Amino acid sequence: MFLSKYNGQSQIDSKGQLKHLLSIDGLNAKLIHEIFSQADALINPQEQSITKVPLLKNKTVANLFFEPSTRTKTTFELAAKRLSADVLTLSIQQSSTVKGETLIDTVNNLIAMQVDILVVRHPDAGTAHLIAKAIDNKSVSVVNAGDGCHAHPSQALLDMYTIKQHKKDFSSLTVAIVGDILHSRVARSNICALHLLGAHEIRVVGPKTLIPADIEQLGVRVYHQLQPGIQDADVIIMLRLQRERMQSPFLPSPHEFSQQYELTRAQLKSAKPDVLVMHPGPINRGIEIESAVADGAHSVILQQVHLGIAVRMSILATLAKSQNST
Ligand code: CP
């Protein structure tokens with residue numbers, strides 16, 4: 001199931017514009033570079049600050065998070081506010097979902113309130129695609145903010161944008177993605193984005209039980225040991241154990257995992273001297289990453305969060321622009 005079955009749905013309209021952001025599969029490098037260019041324009045280069053602009057004035061953005069989130073929820077909310085949109089953040093536990101209302105009925109009620117963009121996180125793979133299909137004839141856009149083990153496209157875009165700030169040229173890069181690949185929507189979206197941007201080599205590193213059997217079909221090299229997996233890497237993307245998605249024990253214990261896969265200062269010496277250490281968060285210190293590495297000179301983990309605001313602003317502005325031109 002690691003190979004996506006939700007790729008067919010069109011997220012690009014007949015004019016080549018982004019209608020929804022559902023997955024990285026189905027995007028193209030030109031669109032990604034346009035999103036990056038717009039993010040560049042939103043950041044003040046002197047202070048690295050992001051100022052408020054009226055690009056989404058008179059638009060309404062609704063955040064629907066059926067799963068916990070710190071970074072994605074708040075940065076989408078901040079992004080929409082910095083674009084001057086009206087923002088609704090639905091508290092799912094206090095919504096009529098708990099009284100049995102279906103997801104599509106909730107969505108249709110929000111559309112009746114003239115919401116323009118729905119940002120959706122859900123534990124089930126394919127939820128954002130399902131909503132996009134159900135509202136296909138309406139001028140409303142859906143952003144997938146993470147659906148089960150499937151996709152997290154805005155995270156992949158902000159990860160690629162962060163790499164671009166430091167490395168400029170993807171074609172020379174060796175990128176190692178380390179940890180629980182099997183349950184990771186971030187791994188799948190990042191592999192796809194790295195291919196679209198022409199990365200030289202993509203590696204996945206982890207125990208056999210946490211690497212999908214069919215993953216080589218995605219054009220990656222598989223390693224089961226950390227040291228060879230990160231040897232001469234330009235970028236290391238660490239992933240946490242996603243225990244909330246594990247239905248059976250995939251590992252003897254987190255301690256066992258950390259013994260073999262924790263990125264420590266000693267292990268980091270195998271990578272290139274200017275390696276970037278990334279993590280989508282939340283980080284589990286002392287399990288997949290040593291504190292000294294997470295907080296160290298190679299880490300861009302908090303920069304990913306900061307740049308995520310500009311990238312998410314750019315995604316929302318791109319969707320609003322395509323709505324305005326239809
Ligand atoms: N990276 C990420 O999706 O973090 P949150 O779960 O906090 O949104």
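Quantities reported herein were computed from a predicted structural model and do not represent experimental measurements. We count ligands from 1, going down the list as the structure has it; atoms in each ligand are counted the same way.
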| query | Out of R121, R71, Q155, whose heavy atom is nearest to atom 3 (O) of ligand 1? | reply |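 Among R121, R71, Q155, the closest heavy atom to atom 3 (O) of ligand 1 comes from R121.
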| query | With atoms numbered from 1 as shown, which atoms in ligand 1 lie under 4.0 angstrom from a non-hydrogen atom of G281? | reply |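 By the 4.0 Å cutoff, the relevant atoms are 1 (N), 2 (C), 4 (O).
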| query | For A132 and L22, which heavy atoms make the closest approach, and how far apart are they? | reply |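 Between these two residues, the closest heavy atoms are CB-CD1, 4.0 Å.
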Can you tell me the protein heavy atom closest to [atom] and the distance?
| atom | result |
| --- | --- |
| atom 2 (C) of ligand 1 | T72 OG1, 3.5 Å |
| atom 7 (O) of ligand 1 | T70 N, 2.7 Å |
| atom 1 (N) of ligand 1 | P280 O, 2.8 Å |

| Are Q260 and Q225 close enough that some pair of their side-chain heavy atoms sits under 4.5 Å apart? | no
SB check [X] [Y] (cutoff 4.0 Å):
| X | Y | result |
| --- | --- | --- |
| E77 | K73 | no |
| E290 | R285 | no |
| D232 | R203 | no |

| request: Say whether G146 and ligand 1 are in contact under the criterion: heavy-atom distance to a ligand atom below 4.0 Å. | output: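 No, G146 has no heavy atoms under 4.0 Å from ligand 1.
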| said: Is E67 close enough to touch ligand 1? Criterion: a residue heavy atom under 4.0 Å from a ligand atom. | reply: no
| remark: Only residue of E67, Q155, R121 satisfying side chain to side chain donor-acceptor pair (under 3.5 Å) with T72 is R121
